[in-house]
Amino acid sequence: MTDPLHAIVSGAGVGGLTAALCLARAGLRVTVLERAPALEEVGAGLQLSPNASSILRDLGLLDTLAPFAVAPEALRVRRARDGAELMRMPLGAQAEARWGAPHIVVHRADLQRVLLDACGSTPSIVVKTDVEALGFATVEQDGRPGVQIGALENCEHTRFDADVAIAADGLRSTLRGRLGLGLGDAPVYSGRTAWRALIPGSEAPARALRPETNLWLGAKAHLVHYPLRGSDLVNLVAIIEDPWRGEDAADIWRDPLDANPRHLHRAFSMWSHEARDLLSLVRQWRRWPLFERPFSKRWSMDNVALLGDAAHPVLPFLAQGAALAIEDAASLGLAFAAHGADARAAIAAYERERIPRASDVAIASRRQASIYHMTGPMALARDAVMRRISIEAAMSRMDWVYGYRHGSGVSRPLLPWRG
Ligand SMILES: Cc1cc2nc3c(=O)[nH]c(=O)nc-3n(C[C@H](O)[C@H](O)[C@H](O)COP(=O)(O)OP(=O)(O)OC[C@H]3O[C@@H](n4cnc5c(N)ncnc54)[C@H](O)[C@@H]3O)c2cc1C
């Protein structure tokens, strides 16, 4: 019997940990390398749509996550100026019946802890913190192709040998920089910043604690809020157009930028009292400049492949970044299960499925950005369409995103929200 393949996964974010679990299910031995000294409680809320929650369910993790998750009953779209409701798309039981799995919101730290605990109880997975992957070399090991990962472990240089390496090291992926994708392959600032905050439930107005996802649309700005951990917290994300030129934090999860909300309050000054009152409850804002990367037709070199934000950072307008990372992980696991020890064939199958899917979602997220931030007559026209749209039409526009399953090839519509 041959030894199982050994995979190194760099990065213990949502993508890396889910990939470790999926690869272990495919029979691989996995070592996860995480740069942070410890996986602490960092982050904010994440919406997890059925395309992702179905995978967590397949991994047996949805019930473990359930006590920390909220399943919003609806997505409520409102006009910034006066709070008028433009659209109400049911989620809850209707979403679960339509898309085959629940639509939930969770704190990223809760999801990461559930994934980490599952890795901890899987004998074929080892997670090592305080190890920063620096680069890789492809080699032959015992007659089969392999990878050496150069790393800093507790500040000492070291090396890890593996058959396969998965770079799940986020937007500023170090390993992606070694893939030879060209000088133009760098994160590009999108012209927008996200401002994230958590309000204690005890300080939030009762209407913000209803199990609903609220999306407010204003000129060149929008706001999303929903309750987290039952009603312990309210998660706020405000996205504005911002000619930001500063330095961004290398590790945005742990060192969010110092956020002076002056810009933010200016962008929201013409909004309804209800929205401004909610914003005024925030004690600490965290500012996240939003980046994209040029699309790449290749996510791999030899036995090294990209996954999650390292492969395809997407704008958060469809709330799909973490969901795509989870989809990537499932696809990777299934590709290795199908191709056995032939790592290159598995990676090629993974790229064939995932590059088109992630590109579709990235393009649609970009389009959604311009729809959400419309001004003047365009915004009036958008609002009129939203008010007229039937629930069936609103839900069917999300089928290709939320109803996606590995290999299902659900095609995407051309213009979401256009009636
Ligand atoms: C404002 C905002 C709202 C969002 N909302 C949603 C949402 O509602 N739903 C959704 O699905 N997505 C959402 N996203 C996107 C989502 O947060 C990301 O797409 C997702 O977290 C990416 O996961 P990842 O594991 O690929 O990368 P990351 O979460 O960035 O994890 C990368 C990990 O790699 C580690 N690392 C980095 N470099 C190295 C190295 N050299 N060696 C070892 N380790 C390393 C890092 O410390 C980190 O732990 C949102 C994003 C933003 C900005």
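A quick note: this is a predicted structure, and the numbers were derived from the prediction, not measured. In each ligand, atom 1 is the first atom listed, and ligand 1 is the first ligand listed.
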Give the numbers and elements of all ligand 1 atoms closer than 4.0 Å to a heavy atom of [X].
| X | result |
| --- | --- |
| V14 | 25 (O) |
| G170 | 27 (O), 30 (O), 32 (C) |
| T174 | 41 (N) |
| L33 | 43 (C), 44 (N) |
| A194 | 1 (C) |

- Short N-O contact, R88 and E212, less than 4.0 angstrom: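 Yes, R88 and E212 are salt-bridged.
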- Just by distance, with hydrogens left out, do S365 and Q320 show a side-chain donor and acceptor under 3.5 Å apart? no
- Are H6 and T31 close enough that a side-chain donor and a side-chain acceptor fall under 3.5 Å? yes
- Message: I need the D242 CG to R266 CZ distance, nearest 0.5 Å.
- Response: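 Output value for this atom pair is 9.5 Å.
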Which of the listed options, [options], holds the heavy atom that is closest to [atom]?
| atom | options | value |
| --- | --- | --- |
| atom 4 (C) of ligand 1 | E132, R196, K128 | R196 |
| atom 8 (O) of ligand 1 | Q47, Q112, R287 | Q47 |
| atom 19 (O) of ligand 1 | D130, D309, L318, I8 | D309 |
| atom 32 (C) of ligand 1 | G11, A168, A151 | A168 |
| atom 13 (C) of ligand 1 | I239, L46, N235, V237 | L46 |

Below the 3.5 angstrom mark, is there an N/O of [X], backbone or side chain, next to an N/O of ligand 1?
| X | answer |
| --- | --- |
| A323 | yes |
| G308 | no |
| L171 | no |
| A319 | yes |

- Query: How about E140: does its CD atom have over 12 heavy atoms from other parts shown lying under 6.0 Å from it?
  - Reply: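 Check passes, neighbour count above 12.
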- Atom CG of D63 with >12 non-hydrogen neighbours under 6.0 angstrom: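 It does not: D63 CG has 12 such atoms or fewer within range.
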- Backbone, side chain, both or neither: what part of A322 comes under 4.0 angstrom of ligand 1, heavy atoms only?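 The part of A322 near ligand 1 is both the backbone and the side chain.
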- Kindly determine whether V224 and F317 satisfy side-chain contact (heavy atoms from CB on, under 4.5 Å), including the steps that lead there. CA-CA 10 Å; V224 176; F317 290 79; over 6 Å; no
Could you establish whether [X] and ligand 1 come within less than 4.0 Å of each other, counting only heavy atoms on the residue side?
| X | value |
| --- | --- |
| L290 | yes |
| V131 | yes |
| R108 | yes |

- Message: Please report whether the ring centroid of Y350 lies less than 6.0 Å from that of H339.
- Response: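 Between H339 and Y350, the centre distance exceeds or equals 6.0 Å.
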- Task: Just say parallel, tilted or perpendicular for the rings of H312 and W299, cut-offs at 30° and 60°.
- Result: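 Tilted, since the angle between the ring planes falls between 30° and 60°.
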- Note on the structure: Scanning both residues in full, the closest heavy-atom pair of W216 with G83 reads CZ3-CA, 3.6 Å
All N/O donor-acceptor pairs, side-chain side in residues 89-106, below 3.5 Å, sequence neighbours left out:
unit_1: R98; atom_1: NE; unit_2: D399; atom_2: OD1; d: 2.8
unit_1: R98; atom_1: NH1; unit_2: E392; atom_2: OE1; d: 2.9
unit_1: R98; atom_1: NH2; unit_2: E392; atom_2: OE2; d: 3.2
unit_1: R98; atom_1: NH2; unit_2: D399; atom_2: OD2; d: 3.1
unit_1: W99; atom_1: NE1; unit_2: D399; atom_2: OD1; d: 2.8

